[in-house]
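Worksheet: the structure to be examined is printed underneath.
Each chain gets a letter, A, B and so on, in the order its sequence line appears, and its residues count up from 1.
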There are 2 protein chains.
Amino acid sequence: MKSRKQPAAKNTGHTQRGQCVKRVSIVEAAAEVFCREGFSGASIDEIAAEACVSRQTIYNHYREKETLFVAVVEEVMSRANARLFSILSTFPDSDDNLEDDLTAFAVSLTRNCICNQDGKFLRKLVQSEGERYPHLFETWRQHGPGKTGTALAALFSRLAHKGALQIDDFDLAARQFLALINADLQIISLFGEALTDEQLESSSRAAVQTFLRAYGKPATRRSQLALEEANL
Amino acid sequence: MKSRKQPAAKNTGHTQRGQCVKRVSIVEAAAEVFCREGFSGASIDEIAAEACVSRQTIYNHYREKETLFVAVVEEVMSRANARLFSILSTFPDSDDNLEDDLTAFAVSLTRNCICNQDGKFLRKLVQSEGERYPHLFETWRQHGPGKTGTALAALFSRLAHKGALQIDDFDLAARQFLALINADLQIISLFGEALTDEQLESSSRAAVQTFLRAYGKPATRRSQLALEEANL
DNA sequence: GACGGATTAGACAATGGTGTCTAATTTTAC
DNA sequence: GTAAAATTAGACACCATTGTCTAATCCGTC
């Protein structure tokens with residue numbers, strides 16, 4: 001309450017950056033350890049050691065373990081959110097090769113939001129502690145998958161408007177797109193195995209191809225059909 | 001080692017059933033508590049209380065907490081497996097209404113293997129403790145999603161052979177089918193909210209429809225296409 | 001009813017974690 | 001250089017949990 005965020009307004013430059021360094025190093029380490037051990041399995045001592053910081057410093061910044069946990073989740077969530085919007089904003093406007101564009105989009109979504117450390121943290125922690133912190137869980141739902149879904153739905157709506165996609169229910173299509181993207185990863189990414197760029201690329205492309213067979217514009221789907229029948 | 005499974009061969013009937021009752025009540029309670037609290041958050045006392053059993057009895061059956069945990073995972077996994085195969089074996093042979101058949105299949109898969117207590121337990125626990133018990137994690141991969149995927153792929157191969165589906169890669173199609181089934185549930189089921197029969201039915205149908213637009217037999221997809229173009 | 005295995009409650013030491021406190025030390029601002 | 005703020009190590013009380021032990025009790029079998 002007193003002076004945790006801005007201990008003294010006179011502090012400038014170094015001190016503030018110094019504090020910041022401690023803070024991020026604490027949050028970083030805490031994310032690691034919480035993710036590895038779960039909330040109750042993670043000890044403050046372990047976090048302090050991993051952050052190269054004394055235990056007391058942690059208690060100075062965050063009153064108790066729970067405060068730290070919530071702060072970590074919020075930090076990781078906002079980082080993930082920023083990345084998501086950065087990716088969305090770079091989706092190309094041209095529609096001459098939708099499959100490639102969507103594949104590249106899926107790859108970068110996977111790499112930066114789903115398969116990285118933050119994505120793993122959020123999946124694991126929200127899953128294991130979500131019931132204990134309903135508020136947190138709700139925030140995650142709305143700012144995490146919720147926002148992703150909404151943003152994706154908007155993108156699809158734009159593409160459908162241009163005639164590149166044929167979609168009834170944009171939200172449903174968004175959820176299914178995300179699900180398809182994850183289809184191959186669910187099993188692997190839980191474990192934390194890093195997958196090669198080739199695996200990532202090919203699994204994303206497979207997802208996009210299936211998505212386009214279901215939601216691509218009629219002309220594309222018709223020629224796809226003709227091709228498949230010829231192959232018989 | 002000595003006499004944990006069958007304490008004395010002379011015991012018959014009641015005693016044996018008595019033991020069994022204790023064992024299943026312990027495993028049942030442990031599943032509950034482990035699922036709710038995670039491995040390190042779950043205390044033996046809590047499990048004992050929920051099982052209406054003394055703490056010592058638990059230590060008699062399972063040498064230590066870890067032993068109990070592994071036993072619970074194995075038990076839950078084998079139950080889930082049994083259910084899966086029971087569902088698979090009832091898939092109808094007639095192919096006059098594939099969409100309805102697949103939808104019913106998806107509904108029952110979801111209800112009995114994914115959204116029930118066992119499914120939740122496996123998702124949560126394997127996710128949070130998988131890295132601590134690689135052996136367990138491997139077993140889950142092969143006997144859980146692995147087996148489901150293989151079995152599904154076999155089903156699809158059968159259907160493709162009959163001309164009802166048009167699939168290149170059966171394993172991929174199986175993973176994507178499972179992913180689509182889960183698309184709407186991921187968010188809800190984490191939380192443990194029970195979803196209504198209507199939600200379940202409609203979300204399963206949506207998944208199946210998308211799947212069939214991508215993998216349905218050409219004739220169906222062509223008429224689907226014509227219908228959509230007429231709707232414009 | 002008596003035996004024997006299973007179960008029970010309760011006490012117990014050992015361990016490890018949380019959160020507080022203090023006194024010493026370092027870092028930063030001026 | 002000095003003062004204020006931040007950080008540190010270490011000790012501390014407190015509490016929960018694990019796993020063991022014991023003596024009493026239950027319950028089916030003979």
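Remark: P of dT18(D) and CZ of Arg63(B) are 16 Å apart, rounded to the nearest angstrom. Rounded to whole angstrom, the span from the CD atom of Glu66(B) across to the P atom of dT18(D) amounts to 13 Å. Atom pair Tyr62(B):OH and dT18(D):C1' shows a separation of 18 Å (rounding to whole Å applied). Whole-Å rounding puts the Ile58(A) CD1 to dT18(C) C1' distance at 12 Å. Atom OH of Tyr59(A) is separated from atom P of dT8(D) by 15 Å (rounded to the nearest Å). In this structure, the CZ atom of Phe69(A) is 14 Å from the P atom of dT18(C), given to the nearest Å.
With respect to Lys120(A) and Glu131(B), a salt bridge is recorded, a charged nitrogen being found less than 4.0 Å from a carboxylate O. A salt bridge links Glu50(B) with Arg36(B): at least one charged nitrogen is closer than 4.0 Å to a carboxylate oxygen.
Near DNA chain C, meaning a heavy atom under 4.0 Å from it, residues 27-38 of chain B has no residue at all.
Each of Val33(B), Val27(B), Val72(B) was scored for a side-chain contact (heavy atoms from CB on, under 4.5 Å) with Ile47(B), with one residue passing: Val33(B).
Under the salt bridge (Lys or Arg N to Asp or Glu O under 4.0 Å) criterion, no residue pair touches residues 145-156 of chain B, with sequence neighbours excluded.
The side-chain tip of Arg23(A) points at the ring of Tyr62(A) from less than 6.0 angstrom away and within 45° of straight on. Geometrically, Arg158(B) does not engage Phe91(B) in a cation-pi contact defined by less than 6.0 Å to the ring centre and at most 45° from the axis.
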Filtered N/O pairs between nucleotides 15-17 of chain C and protein, under 3.5 Å:
none

Which atoms of nucleotides 9-12 of chain C (N or O only) lie under 3.5 Å from a protein N or O atom, and what are those distances?
unit_1  : atom_1 : unit_2   : atom_2 : d
dA11(C) : N6     : Arg55(B) : NH2    : 3.0

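Panel note: side chain Thr57(B), backbone Val53(B); no donor-acceptor pair is recorded below 3.5 Å. Side-chain N or O atoms of Lys65(B) include none that pairs as donor or acceptor with a backbone N or O of Ser43(B) at under 3.5 Å.
Not counting sequence neighbours, the partners of Tyr215(B) by the side chain to side chain donor-acceptor pair (under 3.5 Å) test are Thr210(A), Arg213(A), Gln176(B). For Glu75(A), there are no side chain to side chain donor-acceptor pair (under 3.5 Å) partners two or more places apart in sequence or in a different chain.
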Notebook entry, point to check: Please walk me through it: do Tyr133(A) and Trp140(A) pass side-chain contact (heavy atoms from CB on, under 4.5 Å)?
Noted result: CA-CA 11 Å; Tyr133(A) 306 100; Trp140(A) 174 78; over 6 Å; no
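Of all nucleotides listed (dT7(D), dG19(D), dT7(C)), dG19(D) comes nearest to the side chain of Glu64(B).
Proximity of Lys22(A) to the phosphate of dA5(D): no side-chain N or O atom is located under 4.0 Å from OP1 or OP2.
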